[in-house]
S.K.: 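Have a look at this one before I ask anything.
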Amino acid sequence: MKGETSWISHCFDDMSKEIGGLDSFSELIDEGNKETAAVSVDLILPDDLLERILAFLPIASIFRAGSVCRRWHEIVSSKRFLWNFSNVLSQKPWYFMFTSSDEPVGYAYDPILRKWYGIELPCIQTPNWFIASSCGLVCFMDNDSRSELHVCNPVTKHCKKLEDPPGLKFPDYSALSISVDRTSHNYAVSVVKSKQVPGNFFQWDLSIHIYDSETRMWATSLTEVLTGWRGGDESVICDGILYFLIYSTGGGTPENRHGLVTYSLSGRSSPLLRSFIPVPGPLTCGRLMNLKEKLVVVGGMGKQDRPDIIKGIGIWVLEGRNWNEVARMPHKYFQGFGELDDVFASSGTDDLIYIQSYGAPALLVFDMNQKLWKWAQKCPVSKKFPLQLFTGFCFEPRLEFGP
């Protein structure tokens, strides 16, 4: 691809050195077999204080700490340590990049240590599965029947298969989202299904299905027929509200190619289009994400006369029913995409947003607090053939959450 060289060259112009090395969690655990020097603080600090200190380490360092000695291993494996760890608000989200178009293999990027780790994802079979994450848990849904769902912690490898959701079989479009309660550790999984009414392109059956981990049951919360709009594959849950994008099926203006609708998980049902919120201008695509219970959209900005042609990428936060523009990608970074398609991969949580082109393994990071753009360290993979695609998702690395 013509744009690939431009993207890669811009990625690493501002990097002074290459990545220091690639670690895997198995290597971190195996470090316990090596000789370690005596640590003086180990003789001074009581267990409870040492637990609190270790809980503030980056999660990769916690794995190393568990390999120092038997005492430290017992500490980081204890329930009390997990309780201390749960009080650490953030570990900064990692980004898992799929590096194969056929197999669900890749590397996870740690923004704190700026390193890539080779980890294996449980449950998932192909990289084109639907993926959603929240508070350390990741939900996978197959791309064929849209009925096989798994919830897992990719760090601890704990995994659970959910019952098949009710509703439309083999829908045309599906949107997956998950929300974890940090206090109770219960979670809700939402699947929005959309299927064209036979013989009528302008009407689409849409249904919302919610899984409650406490009751271990699915409930169909809403069924509705939309006219002039259809569902898609973008949804997210923020502060008990399900947000998802709908797409015009024709007859609308370019500004209305996309729209946002909301649904309260408490079950107060009303016609979806009553909650319609126009997206911020003509977007080539939109990516929804939950950043500290605020709805954020990362969108490709289309040209006024050609809304299908991307001219830039912007970030907006929803305040009430109005959009507040947070940032636009500087031109020097946008140029790095080369001939970027009208769609791209983007996900985020906490304060970080990740953006990448499907055509190259380069990763751009935006810090919402500092309003700072920067390239991630170079992923330890290179493009092997012209049509090789890359994609990914972010998740918060946590030890205390399980399905």
Side-chain angles (χ1 to χ4, degrees), residues 95-98 100-106 120-154 157-180 186-196 204-213 215-223 230-238 242-247 263 265 285-290 343 345-349 358 389 391-396 401-403:
Y95 189 86
F96 185 91
M97 182 182 294
F98 293 102
S100 169
S101 303
D102 301 315
E103 300 293 330
V105 297
E120 295 182 5
L121 296 176
C123 311
I124 190 171
Q125 298 176 13
T126 60
N128 67 347
W129 275 28
F130 295 87
I131 303 172
S133 69
S134 174
C135 294
L137 295 186
V138 179
C139 186
F140 300 112
M141 181 173 71
D142 76 295
N143 195 39
D144 296 323
S145 68
R146 322 285 174 88
S147 296
E148 182 179 345
L149 288 97
H150 302 264
V151 176
C152 78
N153 182 323
K157 301 295 190 292
H158 295 157
C159 189
K160 177 182 180 179
K161 186 179 185 302
L162 304 185
E163 296 292 330
D164 292 355
L168 301 168
K169 300 299 182 182
F170 302 98
D172 296 320
Y173 297 93
S174 298
L176 175 69
S177 54
I178 182 174
S179 177
V180 179
N186 294 327
Y187 58 88
V189 175
S190 168
V191 178
V192 181
K193 299 183 178 183
S194 185
K195 190 176 182 67
Q196 182 185 350
W204 290 72
D205 289 316
L206 186 141
S207 57
I208 299 175
H209 313 276
I210 308 294
Y211 177 85
D212 186 337
S213 68
T215 63
R216 301 181 183 180
M217 295 179 62
W218 286 94
T220 300
S221 300
L222 178 143
T223 58
R230 65 163 177 82
D233 56 6
E234 280 292 322
S235 70
V236 72
I237 299 172
C238 296
L242 171 65
Y243 298 88
F244 58 96
L245 290 179
I246 57 176
Y247 304 79
Y263 179 80
L265 295 187
C285 73
R287 304 295 181 225
L288 304 180
M289 53 200 74
N290 178 345
V343 294
S346 182
S347 61
T349 190
Y358 289 122
L389 298 179
T391 186
F393 67 96
C394 82
F395 66 96
E396 188 178 343
F401 290 98

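Counting begins at 1 with the first residue of the sequence.
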S.K.: Hey, could you give me the OG1/OH distance between T391 and Y358, rounded to the nearest 0.5 Å?
M.R.: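 It comes to 5.0 Å.
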S.K.: Does the pair D233 and Y247 meet the rule for a side-chain contact (heavy atoms from CB on, under 4.5 Å), with working shown?
M.R.: CA-CA 10 Å; D233 56 6; Y247 304 79; 4.1 Å; yes
S.K.: Would you name the heavy atoms of P154 and G136 that are closest together and state the gap between them?
M.R.: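 Taking P154 first and G136 second, the nearest heavy atoms are CD-O, 3.6 Å.
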S.K.: Taking N186 for the side chain and S213 for the main chain, is one N or O donor matched with an acceptor at less than 3.5 Å?
M.R.: no
S.K.: Using every non-hydrogen atom in the two residues, find where S145 and E148 come nearest and quote the distance to one decimal.
M.R.: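 Where S145 meets E148 most closely, the heavy atoms are OG-N, 4.0 Å.
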S.K.: Relative to each other, are the rings of W129 and H150 parallel, tilted or perpendicular (30° and 60° limits)?
M.R.: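 Plane angle under 30°, so parallel.
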S.K.: Taking W204 for the side chain and G231 for the main chain, is one N or O donor matched with an acceptor at less than 3.5 Å?
M.R.: no
S.K.: Report the residues that fulfil side chain to side chain donor-acceptor pair (under 3.5 Å) with T220, sequence neighbours left out, ordered by chain and then residue number.
M.R.: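 Only H209 meet the side chain to side chain donor-acceptor pair (under 3.5 Å) criterion with T220.
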S.K.: Check Y211 against R216 and note the closest heavy-atom contact, atom names and distance.
M.R.: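 Looks like OH-CA, 3.3 Å.
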S.K.: In this structure, which one of L121, L389, T126, N128 forms a side-chain contact (heavy atoms from CB on, under 4.5 Å) with F98?
M.R.: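 Single side-chain contact (heavy atoms from CB on, under 4.5 Å) partner of F98 among L121, L389, T126, N128: L121.
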S.K.: Decide yes or no for V192 and L206: does some side-chain heavy atom of the first lie under 4.5 Å from some side-chain heavy atom of the second?
M.R.: yes
S.K.: If we ignore hydrogens and angles and just use 3.5 Å, is the side chain of E234 paired with the main-chain N or O of L245 as donor and acceptor?
M.R.: no
S.K.: Answer yes or no: is there a donor N or O on one side and an acceptor on the other, between the side chain of Y187 and the main chain of L137, under 3.5 Å?
M.R.: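 No: the side chain of Y187 does not pair with the backbone of L137.
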S.K.: Which heavy atom of M141 sits nearest a heavy atom of S174, and at what distance?
M.R.: CE-CB, 3.8 Å
S.K.: To the closest 0.5 Å, what do you measure between CG (L242) and CD1 (I210)?
M.R.: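 Spacing of CG (L242) from CD1 (I210) equals 6.0 Å.
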S.K.: Evaluate side-chain contact (heavy atoms from CB on, under 4.5 Å) for I208 paired with F244, printing each intermediate quantity in order.
M.R.: CA-CA 11 Å; I208 299 175; F244 58 96; 4.0 Å; yes
S.K.: D144: which residues meet the side chain to side chain contact (heavy atoms under 4.5 Å, CB included) condition with it, sequence neighbours left out?
M.R.: D142
S.K.: Is the SG of C123 found under 2.5 Å away from the SG of C152?
M.R.: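 Judged by the SG atoms alone, which are 2.5 Å or more apart, C123 and C152 are not bridged.
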S.K.: Given E163 and M217, is the side-chain contact (heavy atoms from CB on, under 4.5 Å) satisfied, shown in steps?
M.R.: CA-CA 8 Å; E163 296 292 330; M217 295 179 62; over 6 Å; no
S.K.: Closest heavy-atom contact between L222 and Y263?
M.R.: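 Shortest heavy-atom separation between L222 and Y263 comes out as CD1-CE1, 3.8 Å.
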S.K.: Could you check whether any side-chain heavy atom of S347 comes within less than 4.5 Å of a side-chain heavy atom of F395, counting everything from C-beta outward?
M.R.: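 With C-beta onward as the side chain, the pair stays apart.
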S.K.: Under the side chain to side chain contact (heavy atoms under 4.5 Å, CB included) rule, collect the residues that match up with C238, sequence neighbours excluded.
M.R.: V236, Y243, N290, E293, L295
S.K.: Please name the residue in the list Q196, K193, R230, R146 that meets the side-chain contact (heavy atoms from CB on, under 4.5 Å) test with D172.
M.R.: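 For D172, the side-chain contact (heavy atoms from CB on, under 4.5 Å) test succeeds with only one of Q196, K193, R230, R146, which is Q196.
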S.K.: Mark yes or no for whether S133, through its side chain, and C394, through its backbone, hold a donor-acceptor pair below 3.5 Å.
M.R.: yes
S.K.: Atom CG of L288 and atom CD1 of I237: how far apart are they, to the nearest 0.5 Å?
M.R.: 12.0 Å
S.K.: Just how far is it from atom CG of L176 to atom OG of S190, taken to the nearest 0.5 Å?
M.R.: 7.5 Å
S.K.: Which value, rounded to the nearest 0.5 Å, describes the distance between C159 atom SG and F140 atom CZ?
M.R.: 8.0 Å
S.K.: State the CD1-OG distance between I178 and S235, to the nearest 0.5 angstrom.
M.R.: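 Between I178 CD1 and S235 OG, I get 11.5 Å after rounding to 0.5 Å.
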S.K.: Run V191 and L149 through side-chain contact (heavy atoms from CB on, under 4.5 Å) and show every step you take.
M.R.: CA-CA 10 Å; V191 178; L149 288 97; 4.1 Å; yes
S.K.: For V180, is there any backbone N or O sitting under 3.5 Å from a side-chain donor or acceptor partner on S134?
M.R.: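 The answer is yes, because a donor-acceptor pair under 3.5 Å joins these two groups.
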S.K.: Is the side chain of K195 donor-acceptor paired with the backbone N or O of F170 at a distance under 3.5 Å, no angle test?
M.R.: yes
